[in-house]
Number of protein chains: 2
Amino acid sequence: MSEPAKPRYRQLKELIIGQISAGELRPRDRVPSENELVNATGVSRMTANRALRELKREGYVERVAGVGTFVSDFKAVSHVLEVRNIADEIERRGHNHTAIVLVQEKSASAPGPAGALRVDEGTEVFHLVLIHHENALPIQVEHRFVLMEFAPDCLEQDFTAVTPSAYLSAISPLQEAEHVVRAVMPDDEIKSSLEMENHEPCLVISRRTWAHGRPVSFARLYHPGSRYELSGHYVPPGTEAFSRAAEGSDE
Amino acid sequence: MSEPAKPRYRQLKELIIGQISAGELRPRDRVPSENELVNATGVSRMTANRALRELKREGYVERVAGVGTFVSDFKAVSHVLEVRNIADEIERRGHNHTAIVLVQEKSASAPGPAGALRVDEGTEVFHLVLIHHENALPIQVEHRFVLMEFAPDCLEQDFTAVTPSAYLSAISPLQEAEHVVRAVMPDDEIKSSLEMENHEPCLVISRRTWAHGRPVSFARLYHPGSRYELSGHYVPPGTEAFSRAAEGSDE
DNA sequence: CCCCTCAGGTTGTATATACAGCCTAGTGCA
DNA sequence: TGCACTAGGCTGTATATACAACCTGAGGGG
């Protein structure tokens, strides 16, 4: 084996995860305290603390100061729909990304985007429409609305080179995002842009990004429903559950 | 203020996040090393280490042993589509959840589920079909396939009382899940079960859960596309980005 | 000119120690 | 019986120290 000896705090974590996984420790059971782990395994308390602290952050256990550490009721069956920069997404697949800009203008915001951006209906915002291609196959139509004060040079950008998502991230690197996923029937414009069959449904991801504590950008991302799948395989930073599952695990 | 004095590692984190947020530290910029933080702020190196280690886990910075710490290109615009137990989901909204069991039997697995569960086509698996209601409105059709060896008493369960998801969690509390989201046109059975209009599309979440290092359950969850929305507001444990955004942040 | 080596800075881990804050259980007093 | 208090265990944080592993860049030898 190519085992350069796992660090001790990791061994401790895996020991405990193993006991939980094997049923020796059941939900709500008490996990050995830091000092008990010190006595049992010979590590220092700080090492035991790190192991338990990380297990807590990962959802395996809950800790109460003065009381103890307990196995979580059930590890949150988690998630994972990471939708970031479609260009990156495509690059990761080793494919080629190109984009066509259909609309790049100032316009009065419609009720939907206005509500999402928390501005009055009719407020001028930047409006973008792009078609993203993966190896010449249209894969996403992006309708985006951006607060003018947030990105004043939005009209001068070349969004075939840098996606709006990447551009906005560059302006304010600390963005949070909300996503809403829906299935709809596409209108004719979307349908032809994505070269879709007649009665094929469409997956719409509405994304709102926040900066400085308020929404600054709202986008509707249209995908051909059956052609493109959002896979749960990608592991966002900090999500360790999936990497464990992926790397074979039991030892 | 009701400030019981934040711990120093937290102050350090907020200091650095503040500098990134204000643009003083830009993506790819070098963040002060642990020792520099020690000299600058007077904390011990272990405290600086903890601050930087957590910032790394949260996606703010990247660290390279022997080189330094650097501001992330952009904080992964993250995610959040948490799909867990639909009953819990409905309860959280303060509504009433009921379920109808249409199918609960052993059956030979079709190619799709067989592939997902990594068994041969035709292998006998438990097959469930349920309709979930939120306040008498049909909200989800659940087609589920479970490995027989994993849940031998699957036929005796009353899934109107405990959802399959909760039941499986109880059997093996440590489950991981993958999700794939697609939009499709429902077949007649789904369409009538969900009381859908004629050409309304359908949101399908395919979920595969893992236990003991292998897939044990595969489900297709059908939602009426336009009636039900998966909101990104829920904050899963360990996702600190959203809670920060929620609690007001700048201090 | 290229390659090797080595020094120094940086992260990653581990330990021993210390104190604060929280909670529980039990003691003792009224 | 019922209440107040306390001792002890537990987590949370902080520090000082140590060594290993890693990377870069400078310098020297071929």
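Atoms considered below: every heavy atom in the structure, side chains included; atoms not considered: hydrogens, waters and symmetry mates. Proteins come first, then strands; the chains are lettered A, B, ... in the order of their sequence lines, and each starts at number 1.
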Send over the distance from A:Leu55 CG to D:dG12 P, rounded to a whole Å.
12 Å
Distance in angstrom units between A:Arg30 CZ and D:dC10 C1', rounded:
8 Å
A:Arg63 backbone acceptor or donor facing A:Thr69 side chain under 3.5 Å:
no
Using whole Å, what does the distance between atom P of nucleotide C:dG12 and atom CD of A:Gln11 come to?
19 Å
Residue-phosphate contact under 4.0 Å: A:Arg10 side-chain N/O, C:dG12 OP1/OP2
no
Value in whole Å for how far the P atom of D:dG12 lies from CD of A:Glu34:
7 Å
Could you encode protein contacts along nucleotides 16-27 of chain D as a string, one character per nucleotide from 5' to 3', using B for base contact, S for sugar-phosphate-only contact and - for no contact, with a heavy-atom cut-off of under 4.0 Å?
BBB---BB----
On the nucleotide D:dA14, are OP1 or OP2 found under 4.0 Å from the side-chain N or O atoms that B:Thr47 carries?
no
Mark yes or no for whether A:Arg208, through its side chain, and A:Ala116, through its backbone, hold a donor-acceptor pair below 3.5 Å.
yes
Rounded to whole Å, the CG-P distance (A:Asn35 to D:dG8) equals 15 Å
Where do A:Glu54 and A:Lys13 land on the side chain to side chain contact (heavy atoms under 4.5 Å, CB included) test, with the steps shown first?
CA-CA 8 Å; A:Glu54 294 197 359; A:Lys13 286 173 66 179; 2.8 Å; yes
Could you tell me the separation between the CG atom of B:Asn39 and the P atom of C:dT10, rounded to a whole number of Å?
10 Å
In this structure, how many angstroms lie between the C1' atom of C:dA20 and the CZ atom of B:Arg8, rounded?
15 Å
Nearest whole Å is fine: how far is D:dT15 P from A:Asn49 CG?
15 Å
Does the side chain of A:Thr69 get closer than 4.0 angstrom to OP1 or OP2 of D:dC10 through an N or O atom?
no
Under 3.5 Å donor-acceptor, A:Gln104 side chain and A:Leu130 backbone:
no
Are OP1 or OP2 of C:dG12 and a side-chain N or O of A:Arg50 less than 4.0 angstrom apart?
no
Checking A:Arg45 against A:Asn49: is there a side-chain donor and acceptor pair closer than 3.5 Å?
no
Looking at B:Glu142 and B:Arg207, is any side-chain nitrogen of the basic one under 4.0 Å from a carboxylate oxygen of the acidic one?
no
Should A:Lys56 be listed as having a side-chain N or O under 4.0 Å from OP1 or OP2 of D:dG12?
yes
I want to confirm an ordering. Mapping A:Tyr9 and B:Glu36 to their closest nucleotides on DNA chain C, which one lands closer to the 5' end?
B:Glu36
Step through the shown structure and confirm whether more than 12 heavy atoms of other residues, nucleotides or ligands are within 6.0 Å of CZ on B:Arg28.
no
